[in-house]
Q: 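If you scroll down you'll find the structure; I have some questions about it.
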Amino acid sequence: MAERLERLEETDQHTVKKALEHAPTEQLLDVIFGYSPYLTQSLLSDLPWVVSVLEQEPKKTFRDIQQDCRDHVLHSRETSEAMRLLRRSKRRMALFLALCDITGLLDVTQVTETLSEFADTALNAAVAHLLLRADERGELVLSDKENPLDSCGYFVLAMGKYGAEELNYSSDIDLIVLYSPERIDYQGKRDLQSLMVRMTQDLARMLDERTAEGYVFRTDLRLRPDPGATPLALSVNAALSYYESTGQNWERAAMIKARAVAGDLELGTWFLDELKPFIWRKHLDFWTIQDIHSIKRQIYAQKGGEAIEVEGHNIKLGRGGIREIEFFVQVQQLIFGGREPELRSARTLEALERLEEAQRISQDAREDLQAGYCFLRTLEHRLQMIEDQQTHSLPESSARLGDIAGFMGYENTAEFREALLAHLRNVERHYADLFEEAPSLAGPGNLVFTGGEPEPNTLQTLEKLGYRDGDKVFQIVRAWHHGRYRATRSTRARQILTELMPALIGQFAETLDPDTALARFDSFLSGLPAGVQLFSLLYQNPKLLEVLGDIMGRAPALADHLSRNSGLLEAVLDPDFFEPLPDEETLEARLKEDLKLSRDFEDSLDIVRRWTADHRFQVGVQILRNSISSIEASTALSNLAEAVIRALTPIVEQQMAELHGRISQGGLVVLALGKLGGREMTFSSDLDLVFLYRTGDDHAESDGQKPLSASVYYGRLAQRIITALTALTAEGQLYEVDPRLRPSGAAGPIALSINGFAKYQKNDAWTWEHMALTKARTIYGDAALRKELEEEIRNVLTVPRNPHKLLAAVHEMRLRIEKQHPARSIWDCKYVRGGLYDLDFLAQYLQLKHAAEQPDVIRPSSEAAFQALAQAGLIPTEEEKGLVEAAQLFRRVQNFLRLTAGDNFDEAQAGHSLKAALAKATEMDNFEGLKDTLTSNAQLVSRYYQERIEEPARELTDTDKANL
């Protein structure tokens with residue numbers, strides 16, 4: 001203080017010293033210096049002015065600050081100078097009000113009203129300054145430069161506390177900026193909206209930007225209509241259109257406090273009058289009332305229960321805080337204010353009085369809430385006076401809490417604590433009464449998705465539920481409420497969605513990655529043409545919501561298909577949906593019925609894709625919901641693929657015949673190998689196909705307008721079938737096809753004669769090709785041709801073999817695969833030692849070794865082969881049992897992971913829910929138990945593989961190898 005006094009002129013020093021010698025002034029300075037660094041700095045930086053304030057009436061000081069701000073800012077030529085003057089006025093106003101507040105010259109409501117009035121002055125001065133500068137630049141022409149705000153067509157609405165003239169000491173100001181093109185004489189070169197947006201940005205900067213002199217008010221423009229999709233300044237007509245078509249109940253609640261505060265006030269008043277039917281509805285239908293109640297029901301309210309911790313308590317957003325009082329008032333104003341205009345006050349204390357007069361609340365409630373409001377707002381001011389920070393939380397340390405108690409005028413912390421808790425508990429009690437009518441929509445905590453920014457308690461709830469990015473969740477859900485998608489544009493759709501929200505959020509929280517699940521659902525919503533039917537379906541069928549959560553959270557491929565075919569969700573309600581698919585003959589017949597409706601070939605391709613995807617979706621959901629085993633799913637997926645090939649191939653043949661005719665006595669046979677051959681398909685399996693044909697004449701040609709030789713004809717036919725199966729259409733892709741298991745692989749013809757195929761297999765095929773041939777099944781073609789081919793294959797597989805050569809070839813092939821595809825973990829079911837490759841190699845080796853003496857051991861699936869080998873007495877029953885159980889477990893794990901996590905399952909990154917679901921799908925008690933069982937099965941298979949193949953292969957003598 002002494003140092004500051006020395007810097008003053010001698011006359012000022014004398015005046016200041018004399019003023020500061022008064023006992024009341026000394027007491028006031030002790031409070032300021034003791035509790036508020038910010039006020040101390042403000043006071044010391046402007047001592048002569050402070051003395052003048054202490055010596056005159058508060059009303060005169062206020063008028064002087066207002067006048068100084070209004071006149072000097074308006075006539076500033078430079079915006080930087082206007083900003084400096086605004087900040088000086090705000091600093092003086094803040095200090096003046098703090099002095100009045102601390103000394104009791106003004107009560108809390110007078111302080112908030114005075115600060116709000118100053119904000120009006122500052123905002124109008126800044127808008128006038130910007131309009132004059134735009135006029136000087138020739139961008140617009142003002143009708144009256146002496147009164148630039150008159151009929152200027154640009155106005156500012158104050159929202160929240162500012163709109164209600166209840167600004168707190170360090171509050172930000174919520175603004176909505178609107179303009180009317182009809183009232184603006186725009187002369188710029190670009191467009192009016194660009195100028196309005198730039199002016200609004202400059203306005204926010206003039207108020208918000210921190211300079212050496214500080215700031216005026218922090219500004220928030222996010223309460224405008226759909227802030228994520230609209231410019232900072234919006235035309236009046238666009239705003240009215242939004243509120244009439246898309247406005248929500250929480251925006252109606254916000255508009256209760258709206259007030260035209262700056263710019264063209266006549267236009268602003270007219271706008272709010274136009275908005276009254278939106279805000280105040282005389283007749284509320286059932287869903288509107290439900291939606292209003294749902295706003296409060298998204299909040300977790302308690303009566304009593306856990307004790308309120310004073311240290312660190314948020315007096316605005318915490319239990320028993322200011323927000324609860326404001327919400328208590330606004331919800332009842334929304335419900336009753338349409339028919340009772342006297343309830344429409346924007347001011348909280350006044351509204352409480354009117355609610356009591358209308359007998360909507362009790363005298364006890366009004367008195368408690370008014371007292372609580374005044375106490376908490378005073379405490380809020382003291383907290384913010386300390387460092388001029390927008391804080392609402394009490395200190396967490398006892399020592400600092402003692403400072404706040406002293407700043408509030410209490411003798412000790414205990415006395416302050418007792419008074420605070422009494423108010424918080426009273427507010428909490430009356431607030432919780434609002435929630436007795438209906439069950440909560442909040443779940444484990446607040447789930448409020450209204451307003452311009454996420455509520456801290458909602459973010460905490462989302463984090464507790466497992467969401468990583470609560471702010472992003474808030475923005476996604478808020479976009480739904482703003483009607484960004486067609487599905488959420490209708491009021492009814494948004495109302496039902498509000499009711500659904502906690503269940504949706506909770507359901508996705510049960511998945512592996514809640515954020516990703518929600519994002520998939522967002523993508524799903526974005527493609528829906530309408531939402532009411534779906535949301536009603538989910539609302540009325542909680543089990544369906546569980547299915548949706550599983551799909552979005554665990555099965556990306558199913559989620560993608562559902563996004564394009566939302567009607568499938570309704571199919572889930574069909575009792576037959578969870579029944580296994582029928583056999584391939586029935587499936588084929590049903591698909592052919594659907595194909596009768598096709599208009600042309602391209603339409604047929606789309607029909608097949610839709611039909612197949614729908615059935616794959618059904619099987620996928622059945623796996624997720626554990627209504628079928630993964631083994632049954634493999635069979636179903638294989639039958640599905642077989643039905644598709646049988647139904648689609650004749651259509652391709654007909655198309656081929658229209659151009660090239662047919663070959664007399666010719667016929668095509670489709671041979672399935674690999675997983676399709678063994679009926680072991682997963683969701684990501686491709687189709688291993690070989691195309692073979694028979695002709696009556698080796699030199700036969702087709703009889704069409706463009707005849708082709710048999711080899712060319714069937715080669716093109718095979719290629720067309722592959723294209724029909726793999727082509728990407730508007731309905732997506734059907735399957736990947738791998739024809740490389742044909743003779744000579746990729747170097748051989750795409751289609752081969754049956755005779756040529758048999759000759760190659762007998763004379764030129766490698767051992768690994770005969771191993772693959774053990775899974776061969778004919779799935780399309782003339783019955784006689786199929787039988788002929790099956791006999792040729794059987795003849796190839798049952799020839800006597802050199803046991804040493806077979807052993808060495810199988811072992812060498814397995815080592816090559818292991819080198820090319822090393823297993824990453826036990827969950828790499830295909831390549832891990834003791835996994836599916838070892839099981840297939842064991843089955844194929846034993847079949848080829850013994851088929852000459854026991855032809856019946858040839859079976860397309862490994863499990864069936866082990867059973868046949870045991871029945872023939874070629875392996876012990878115990879070994880057969882262990883191998884079959886291992887194969888089934890590995891296939892279950894693989895099928896479930898292919899559907900959910902893809903090929904890159906990482907145990908360390910996987911969430912608890914996926915692990916639990918995987919254990920359930922494999923009928924294990926828990927994930928660790930599954931892992932232990934899978935590991936022991938792999939060890940068992942690996943031991944059998946070593947005993948039967950690896951160790952004997954290593955023991956082959958040089959003589960044996962020389963004779964191979």
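The figures here come from the full heavy-atom set of this structure, side chains too, leaving out hydrogens, waters and symmetry mates.
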Q: With Leu462, which of Val473, Asp469, Asp471 fulfils side-chain contact (heavy atoms from CB on, under 4.5 Å)?
A: Val473

Q: For Asp368, give me all partners under side-chain hydrogen bond (donor to acceptor under 3.5 Å, both in side chains), at least two apart in sequence or on another chain.
A: Arg429, His430

Q: Do Asp120 and Tyr162 meet the criterion of a side-chain donor-acceptor pair at a distance under 3.5 Å?
A: yes

Q: Show me the donor-acceptor pairs within less than 3.5 Å that the side chains of residues 393-401 make with the rest of the protein, sequence neighbours left out.
A:
{"unit_1": "Ser397", "atom_1": "OG", "unit_2": "Arg400", "atom_2": "N", "d": "3.2"}

Q: Any chance the side chains of Tyr169 and Gln390 put a donor and an acceptor closer than 3.5 Å?
A: no

Q: Any chance the side chains of Thr348 and Glu166 put a donor and an acceptor closer than 3.5 Å?
A: yes

Q: If we count only N and O atoms by modelled type, under 3.5 Å, do the side chains of Arg347 and Thr109 hold a donor and an acceptor together?
A: no

Q: Do the side chains of Asp174 and Arg222 get close enough for a salt bridge, i.e. N-O under 4.0 angstrom?
A: no

Q: Does the side chain of Arg366 pick up a donor-acceptor pair with the side chain of Gln370 at under 3.5 Å?
A: yes

Q: With no hydrogens and no angle check, do the side chains of Tyr467 and Asp513 hold a donor and an acceptor under 3.5 Å apart?
A: no

Q: So, using side-chain hydrogen bond (donor to acceptor under 3.5 Å, both in side chains) as the criterion, who are the partners of Arg354 when residues are at least two apart?
A: Glu350

Q: Could you tell me which residues satisfy side-chain hydrogen bond (donor to acceptor under 3.5 Å, both in side chains) with Asp364, sequence neighbours excluded, listed by chain and number?
A: none

Q: Salt-bridge test for Arg218 and Asp208: reply yes if a basic N is under 4.0 Å from a carboxylate O, no otherwise.
A: no

Q: Listed by chain and number, what are the ring-ring contact (aromatic ring centres under 6.0 Å, His included) partners of Phe521, not counting sequence neighbours?
A: Trp480, Phe508, Phe524

Q: Using the side-chain contact (heavy atoms from CB on, under 4.5 Å) definition, which of the options Leu178, Val177, Leu223, Leu175 pairs with Leu157?
A: Leu178

Q: List the residues meeting ring-ring contact (aromatic ring centres under 6.0 Å, His included) with His423, not counting sequence neighbours, and say none if there are none.
A: Phe375

Q: Using a strict threshold of under 4.0 Å (side-chain N to carboxylate O), is an ion pair present between Glu380 and Arg377?
A: yes

Q: In Å, rounded to the nearest 0.5 Å, how long is the span from CD of Gln201 to CG of Leu232?
A: 5.5 Å

Q: Run the salt-bridge test on Asp226 and Arg484 with the 4.0 Å N-O cut-off and return the result as yes or no.
A: yes

Q: Would you call the rings of Tyr243 and Phe278 parallel, tilted or perpendicular, where under 30° means parallel and over 60° means perpendicular?
A: tilted

